[in-house]
Structure formats: C-alpha cells, structure tokens
Amino acid sequence: MFGAGAMTNSIPEIRDTDLMFVIGSNTTEAHPIIAMEMKVARQRGAKLIVADPRRIWLAEHADIHLQLRPGTDVFLLNAMAKVIVDENLVDQEFIAKHTDGWPALRENLSKFTLEKAEQVTGVPAADIRQAAIWYATTRKAGVYYTLGITEHTHGTDNVYSLANLVLMTGHLGVRSAGMNPLRGQNNVQGANDAGASPVFYPGYQRAQDEDVRRKFGEAWGIGEAPGPGLNLNQMMKAVEHGEIKAMYVMGEDILISEPNCNALEEGLKNIEFLVCQEIFHNMTTEYAHVVLPGAVFAEKDGVFTNSDRRVQRVRKAVNPPGEARPDWEILIEMARACGYQMPQYRNPGEIYAEMASLSPKFAGISHERLDRTPWGLQWPCVSEDDPGSDYLHKGGPLIGKGLFQTVEYRPSAELPDDAYPLVLSTGRVLYQYNAATQTRRDAGTNAKAGENFIELHPDDAKKYGVQDGEHVKIVSRRGGVKAQVWLSGRVQPGCVWMPMHFAEAAANRLTNDAGDAVTGTGEYKVCAVNLLPLKEKKPAASGAELEAVRHPQD
Ligand SMILES: Nc1nc2c(c(=O)[nH]1)N[C@H]1C(S)=C(S)[C@@H](COP(=O)(O)OP(=O)(O)OC[C@H]3O[C@@H](n4cnc5c(=O)[nH]c(N)nc54)[C@H](O)[C@@H]3O)O[C@H]1N2
Ligand SMILES: Nc1nc2c(c(=O)[nH]1)N[C@H]1C(S)=C(S)[C@@H](COP(=O)(O)OP(=O)(O)OC[C@H]3O[C@@H](n4cnc5c(=O)[nH]c(N)nc54)[C@H](O)[C@@H]3O)O[C@H]1N2
Ligand SMILES: [Mo]
C-alpha cells in the first residue's frame with residue numbers, strides 16, 4: 001500500500017514517540033529490546049494502546065488494553081477508522097495529496113459501528129472510541145504489529161485495515177510514527193531483501209514482471225529467470241498430496257513450524273528425496289535422505305538486516321566444526337553440481353556486491369562501506385554518498401500515492417462448536433526460540449520454560465474439572481498433544497493459548513493449515529480445540545509458581 005515491505009520507521013525513534021499502538025505483538029517476550037524502548041517512551045509520558053486477546057506483560061503498562069476476541073481485528077480497526085471519520089479527525093490534506101481510494105473506503109466504513117464492534121470484538125465501545133481519538137490526534141503515533149495480525153486467514157485484511165488508519169491520519173513520513181511490522185528472526189528481513197520469496201527477486205523486484213525476469217536472467221546468464229513459485233503453504237500441501245517429489249529445506253524445522261504437521265509428516269514419509277541443510281538434527285532431519293551440515297552465525301561472515309532495514313556486518317568468530325561449512329559455500333557447490341556454473345565467489349562481500357548492482361534499493365551498500373559504518377546502513381540507500389533512510393515516505397509514499405483498501409470482516413476459518421468448544425491460539429515465550437533446536441540445549445532456558453503448557457481461564461478449568469498444574473490432552477480435528485495446565489487470567493474465558501516450541505508436544509499437531517488468500521500464511525492464531533483431563537493424582541508445580549519463575553521483574 002505504501003511501496004516497501006518493512007518498518008517505515010526506526011527502532012531508535014521509538015523512545016521519542018508520543019503514542020504506541022501495539023497490536024498482535026507480545027513485544028516483551030518476542031522483541032524484548034524493542035519493548036524496553038517502548039517502556040522508555042512510556043516513562044517519558046507517551047501513551048500506550050495494546051490490542052491483544054491476552055493480558056500480555058506489556059498490557060500492564062498500557063493506558064488502554066483492547067482485549068479483543070481472537071480474529072476480530074478487522075472489525076476493531078474499521079470501527080476505529082469510523083470514529084476518526086465521525087469525529088472529523090482525518091488528515092484531509094494528506095489524503096488529498098498522497099492517497100487514492102478514499103471515497104470508497106469512507107463509504108465502506110459505515111457498517112462498522114461502535115455498537116456492532118463491541119458485540120463482535122468484546123471490547124467496550126468507549127475504549128475503542130478513546131483509542132481511535134488518541135491515535136488520530138497524536139502526531140507522533142506509531143503502529144507496531146506482528147503475528148497476532150498476520151497469522152490469520154484474513155491476515156492481509158488486518159494489515160490493510162491498519163495501513164488505512166495510518167494513511168487517513170497522515171501518520172506516514174513522520175519521525176517516530178508510521179507502520180512498523182516487527183520482524184521475527186534476526187535476518188528474516190535480509191532473507192526477503194535477498195529474494196528468498198516466491199514472488200520477489202532481490203530488492204523486492206517482482207518475479208511476475210517480465211523486465212525483472214529478463215534483467216536477472218541476463219545477469220546470471222540463463223536467458224529469462226523463472227516467474228513466481230509456490231508459497232510455503234502451497235509447497236507443504238503439495239508434499240502432503242505427493243505432488244512434490246524432492247525438497248531442499250534450509251534452516252527450517254518444517255515439522256514443528258508448519259501448521260497441521262500431522263498431515264505434513266504423512267507426506268514426508270512418502271517424499272522421494274529430502275535434503276536438510278542444518279546446524280542441528282531436528283524433527284525434520286529424521287526424514288532427510290541427506291543432511292548437509294551448515295555453519296552457525298558465529299562461524300561465518302556476512303550481514304544481517306534487522307526489522308528497521310538496517311544492514312550490519314557479522315564476522316566470523318570461530319571455525320566451524322567437522323565438515324560444516326557456511327550456507328553460501330554449500331549452495332554454490334550444489335548449483336555447480338547441478339550443472340550451473342555459478343561464479344566461485346570468494347566471500348559474502350562479493351555476493352552482496354552482485355545483489356547491490358542489481359537492486360536499486362541497496363545500490364549504495366557494500367561490505368567495505370559497512371566495515372566503516374558500525375551502526376550499519378538502512379535501505380533504501382541508493383548510492384555511495386547516500387546516508388541511508390531512517391524513516392521512509394518523507395514527503396509522500398514511495399510509490400507515489402498510498403492506496404486505501406476496503407475490506408470486509410470475515411470470521412476465522414475454524415470457529416468453536418460443541419465438539420471443539422475452545423479457541424486455541426499459539427505463539428512464543430521469552431525463554432525459547434521458535435523450533436527450539438537451539439534454545440532447548442541450554443539448561444538455563446529450560447529451567448525457565450522446559451515443558452509444554454496451556455494457559456486456561458479459571459472459569460473453563462472449573463467446567464472441565466481440572467486443576468492448576470495438572471496435565472491434560474488438547475485435541476483438535478487434526479491431532480492431539482499433552483500440556484500442563486496453567487490457570488491464568490491472561491486468557492479470556494473460551495480461549496486457550498499454547499507455545500509452539502516443544503517438539504514432543506508440538507502445537508502444530510493441532511493448528512489449521514487454512515492459509516491467507518494473498519500470502520498463504522497459516523492460521524496459527526485461531527483454531528477450535530477441546531480439552532481432555534488426564535486425571536492425574538498429583539499436579540506438578542502450580543501455574544502461579546511457574547509464572548513467578550517466568551515473569552521478569554521489569
Ligand atoms: N523469545 C522469543 N522471541 C522471538 C521468537 C521466539 O521464538 N522466542 N520468535 C521470533 C519470531 S520468528 C517472530 S515472527 C516474532 C513473533 O513475535 P510475536 O508476534 O509478538 O509473537 P507471538 O507469540 O506469536 O505473539 C503474537 C501476539 O499476538 C496475540 N494474538 C493472537 N491472536 C490475535 C488476534 O487475533 N488479534 C490480535 N490483535 N492479537 C492476537 C497473542 O496473544 C500474542 O500476544 O518473535 C520473534 N522473537
Ligand atoms: N503454532 C505456531 N507455529 C508457528 C508460528 C506460530 O506463531 N505458531 N510461527 C511461525 C513463524 S513466524 C516462524 S518464523 C517459524 C519458525 O520456524 P523455524 O524456521 O522452523 O524455526 P527456527 O528455530 O527459527 O529455525 C529453524 C532451523 O534453522 C536452523 N538454523 C539456525 N541457524 C542456521 C544456519 O545458520 N544455517 C542453517 N542451515 N540452519 C540454521 C535451526 O537449527 C532450526 O532447526 O515458525 C512458524 N510456526
Ligand atoms: Mo517468524
């Protein structure tokens with residue numbers, strides 16, 4: 001909608017902001033450093049609005065916690081937009097100069113009344129109204145969002161709705177404001193920048209575009225480079241249906257991370273050839289025909305690009321063990337073995353230079369320059385003398401005009417019913433990292449969070465007759481796993497929450513693989529489950545004891 005897939009603003013700008021609208025981000029646990037910046041801003045007097053179905057730690061610091069029902073963000077956000085229109089708080093000048101599609105959006109908002117929003121989301125109308133007014137009337141107001149927004153079948157609609165709010169209030173191209181997706185892994189931004197995506201070549205150049213395909217094809221001496229490929233969700237389903245014969249998995253433990261992994265596991269049993277390029281054995285390597293040992297971050301040179309588009313150097317500190325080698329070296333040899341004479345780059349700097357020569361957004365970035373720039377360079381950085389971009393869209397959206405998108409509210413793909421009456425949402429805890437192949441080797445993190453658990457509201461516990469600390473089985477239409485009950489006021493009645501980290505009780509045995517219409521991202525944040533008490537005699541540590549271990553004193 002604006003022309004760049006990254007945070008519009010920078011992390012250091014957060015402490016100077018006057019309002020933070022944090023939605024679908026458990027910032028304290030998943031982005032602790034950013035959460036600290038938010039608390040610095042908070043102490044300075046900035047307002048904090050948190051929209052999250054759970055009472056996450058950050059909500060304790062919030063002026064307003066919009067504790068919506070999972071999957072109802074489209075309603076919440078459009079109701080906020082309607083308040084902003086009704087109260088005459090839109091930025092008319094910005095809309096006229098810098099956007100397209102306003103009349104259609106404005107018209108579409110009429111159905112999102114506060115009364116209906118309260119019914120659908122469960123959030124008091126007065127809170128929605130107050131949040132909207134504060135957001136619209138604060139100049140330095142930033143939106144921060146993560147997976148609570150994107151991991152839904154209507155994830156793209158959620159993002160559209162948020163971006164509409166940003167455009168209608170003109171909070172774009174302003175320091176300490178903007179629209180800020182907080183990225184997940186240390187270099188997931190860099191991986192996307194480099195074209196690790198089915199729809200983009202490096203620098204967000206579209207694979208759909210013939211000129212782009214020709215440009216890369218010529219540079220690589222292969223005629224025309226191929227068009228868009230399958231997205232992750234489509235690939236996993238193709239494996240399940242036996243349509244993919246061979247797969248090369250690099251740095252993902254698909255069996256723990258992909259939704260509905262029972263079905264995927266069946267597919268992997270039948271795949272003809274599976275290669276895993278890994279630093280450790282994990283659930284997926286069990287099915288691999290070949291495992292290629294990669295070097296870990298500290299054993300290789302390169303760059304990481306973080307959420308705020310900042311490219312920084314990483315340097316080798318130790319030698320890789322045994323036969324392990326940097327991923328780029330393995331890929332070059334693979335390409336050559338497959339018959340493509342990929343150049344023998346001598347180091348990652350040469351690879352970066354090639355990418356920069358083909359991607360205007362990074363044209364001014366090189367390893368040599370980064371070596372002289374300890375704080376890194378933020379793209380777009382178009383030439384050697386360009387200092388890079390701290391915040392984007394100064395003087396108007398990069399693509400010329402911001403495009404308003406009208407959206408309709410659609411419920412999640414799988415709603416609770418009599419057989420599966422609870423809504424399950426999944427995510428992260430502070431002490432484990434994603435597939436936890438790395439963090440579960442460490443006694444310290446395991447002491448903090450070493451076993452699967454489920455957050456359950458005391459009212460629901462009473463209904464099921466289970467106690468704090470007891471073990472239960474959670475079942476969905478796709479599978480079942482064991483978990484320890486943590487009685488928690490953190491979730492709403494009717495909702496449960498489980499971390500994704502524990503291979504022996506993987507949350508993704510339960511989740512639904514229905515994907516977002518545009519991105520294919522699975523609906524990790526909403527599926528229907530039931531709970532079966534296991535009738536244990538003696539509960540382990542109580543939920544209160546567990547929380548005391550987990551909750552940092554901040
Ligand atoms: N400690 C730690 N940090 C990590 C990771 C890790 O595994 N461990 N992983 C990294 C990665 S890869 C990523 S992508 C990020 C993810 O960072 P987050 O997205 O912050 O992590 P999640 O735990 O998935 O939490 C999403 C939040 O969305 C809320 N939520 C769920 N459903 C909804 C909904 O319908 N609407 C709204 N508004 N909110 C909802 C949840 O209650 C939760 O608070 O974290 C990164 N940081
Ligand atoms: N239920 C549920 N499932 C989810 C999510 C959720 O919220 N809920 N979130 C999703 C999200 S946002 C993400 S990002 C994924 C994360 O899922 P994954 O990407 O599977 O998890 P990671 O632990 O980040 O890392 C994957 C693998 O990379 C390996 N690795 C680490 N460093 C290197 C390296 O330098 N080279 C190589 N070759 N390998 C390396 C690790 O050993 C690990 O096995 O999970 C997704 N799955
Ligand atoms: Mo992620």
Side-chain angles (χ1 to χ4, degrees), residues 185 187-188 191-192 194-201 207 216-217 220-296 299-300 320-345 351 434-438 478-479 503-504 506 508-509 511 513 515 520-522:
Q185 291 148 322
N187 195 31
V188 67
N192 265 271
S197 151
V199 293
F200 292 122
Y201 279 102
F216 282 94
W220 295 334
I222 55 167
E224 190 174 304
L230 298 182
N231 66 37
L232 201 48
N233 195 293
Q234 292 164 333
M235 273 193 244
M236 296 307 134
K237 287 186 178 145
V239 170
E240 285 158 37
H241 301 144
E243 289 154 13
I244 281 187
K245 294 201 164 65
M247 192 158 60
Y248 191 144
V249 180
M250 180 172 137
E252 193 190 342
D253 188 354
I254 54 174
L255 268 187
I256 191 169
S257 331
E258 291 302 313
N260 189 12
C261 63
N262 282 348
L264 176 57
E265 192 161 24
E266 287 310 307
L268 282 187
K269 283 178 188 159
N270 298 321
I271 199 163
E272 283 178 28
F273 187 53
L274 178 67
V275 184
C276 286
Q277 189 166 316
E278 254 301 331
I279 60 169
F280 290 125
H281 272 292
N282 59 29
M283 276 173 79
T284 311
T285 60
E286 295 285 320
Y287 291 92
H289 300 91
V290 178
V291 180
L292 300 171
V296 309
E299 297 163 350
K300 58 193 175 194
E323 293 176 83
R325 296 170 64 182
D327 290 295
W328 64 271
E329 280 187 32
I330 300 174
L331 290 176
I332 292 171
E333 281 207 23
M334 278 294 294
R336 295 177 80 94
C338 291
Y340 169 60
Q341 288 307 305
M342 189 179 274
Q344 293 279 15
Y345 305 95
I351 300 173
N434 290 345
T437 53
Q438 298 167 87
R478 294 155 294 276
E504 68 283 8
N508 283 327
R509 300 213 181 269
T511 49
D513 55 6
T521 298

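Everything quoted here is computed from the prediction, not taken from an experiment. The figures that follow rest on heavy atoms only: side chains count, while hydrogens, waters and symmetry mates do not.
- The main-chain N or O of Val296 is found under 3.5 Å from a side-chain atom of Glu299 such that the two form a donor-acceptor pair.
- Counting only heavy atoms from C-beta outward, the side chains of Val275 and Met334 never approach each other to under 4.5 Å.
- The two residues Ile256 and Ala435 have their closest heavy-atom pair at CG2-CB, 3.3 Å.
- Remark: Glu504 CD is packed, more than 12 non-hydrogen atoms of other residues, nucleotides or ligands lying under 6.0 Å away.
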Worksheet item: When you look at Glu286 and Leu268, which way does the side chain to side chain contact (heavy atoms under 4.5 Å, CB included) test go after all the steps?
Response: CA-CA 10 Å; Glu286 295 285 320; Leu268 282 187; over 6 Å; no

Worksheet item: Between Leu331 and Met342, does a side chain to side chain contact (heavy atoms under 4.5 Å, CB included) hold up when you go through it step by step?
Response: CA-CA 9 Å; Leu331 290 176; Met342 189 179 274; 5.8 Å; no

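- Heavy atoms only, all atoms of each residue included: Val249 and Glu252 are closest at CG1-O, 3.2 Å.
- The pair Glu333-Arg325 counts as a salt bridge, with a side-chain nitrogen and a carboxylate oxygen less than 4.0 angstrom apart.
- Contact of the Trp220 side chain with the Pro343 side chain is not registered, since no non-hydrogen atoms from C-beta on lie closer than 4.5 Å.
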Discussion item. Working note: Ile279 + Gln438, criterion side chain to side chain contact (heavy atoms under 4.5 Å, CB included); need CA distance, chi angles, decisive distance, verdict.
Written reply: CA-CA 9 Å; Ile279 60 169; Gln438 298 167 87; 4.1 Å; yes

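- Pairing each heavy atom of Ile244 with each of Ile271, the nearest pair is O-CG1, 3.8 Å.
- At a threshold of 4.5 Å between non-hydrogen side-chain atoms, the residues Leu264 and Tyr287 do not count as touching.
- The minimum heavy-atom distance between Ala503 and Met283, with the atom names listed, is CB-SD, 3.5 Å.
- Within the 4.5 Å cutoff, the side chain of Pro259 has no heavy atoms near those of the Arg478 side chain.
- Between Thr285 and Cys276, the closest heavy-atom pair is CG2-CB, 3.8 Å.
- Distance CG/Asp513 to CG/Asn262: 11.0 Å, rounded to 0.5 Å.
- By the 4.5 Å heavy-atom criterion applied to side chains, Ile332 and Gln344 are counted as neighbours.
- Glu278 has its side chain out of reach of Thr284: every pair of non-hydrogen atoms, C-beta onward, lies at least 4.5 Å apart.
- Considering every non-hydrogen atom in both Pro326 and Ala295, the closest pair reads N-CB, 3.7 Å.
- Residues meeting the ring pair (Phe, Tyr, Trp, His ring centres under 6.0 Å) test with Phe273, sequence neighbours left out: His289.
- We find the CG-CG distance between Asn260 and Asn233 to be 10.0 Å, quoted to the nearest 0.5 Å.
- Side-chain contact check for Leu255 versus Glu265: some heavy-atom pair is nearer than 4.5 Å.
- Between Glu240 and Lys237 there is no salt bridge, since no side-chain N of the basic residue sits under 4.0 Å from a carboxylate O of the acidic one.
- Distance CD/Gln185 to CG/Asn434: 5.0 Å, rounded to 0.5 Å.
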Worksheet item: Yes or no on side chain to side chain contact (heavy atoms under 4.5 Å, CB included) for Lys300 and Asp327, after CA distance, side-chain angles and deciding distance?
Response: CA-CA 9 Å; Lys300 58 193 175 194; Asp327 290 295; 2.7 Å; yes

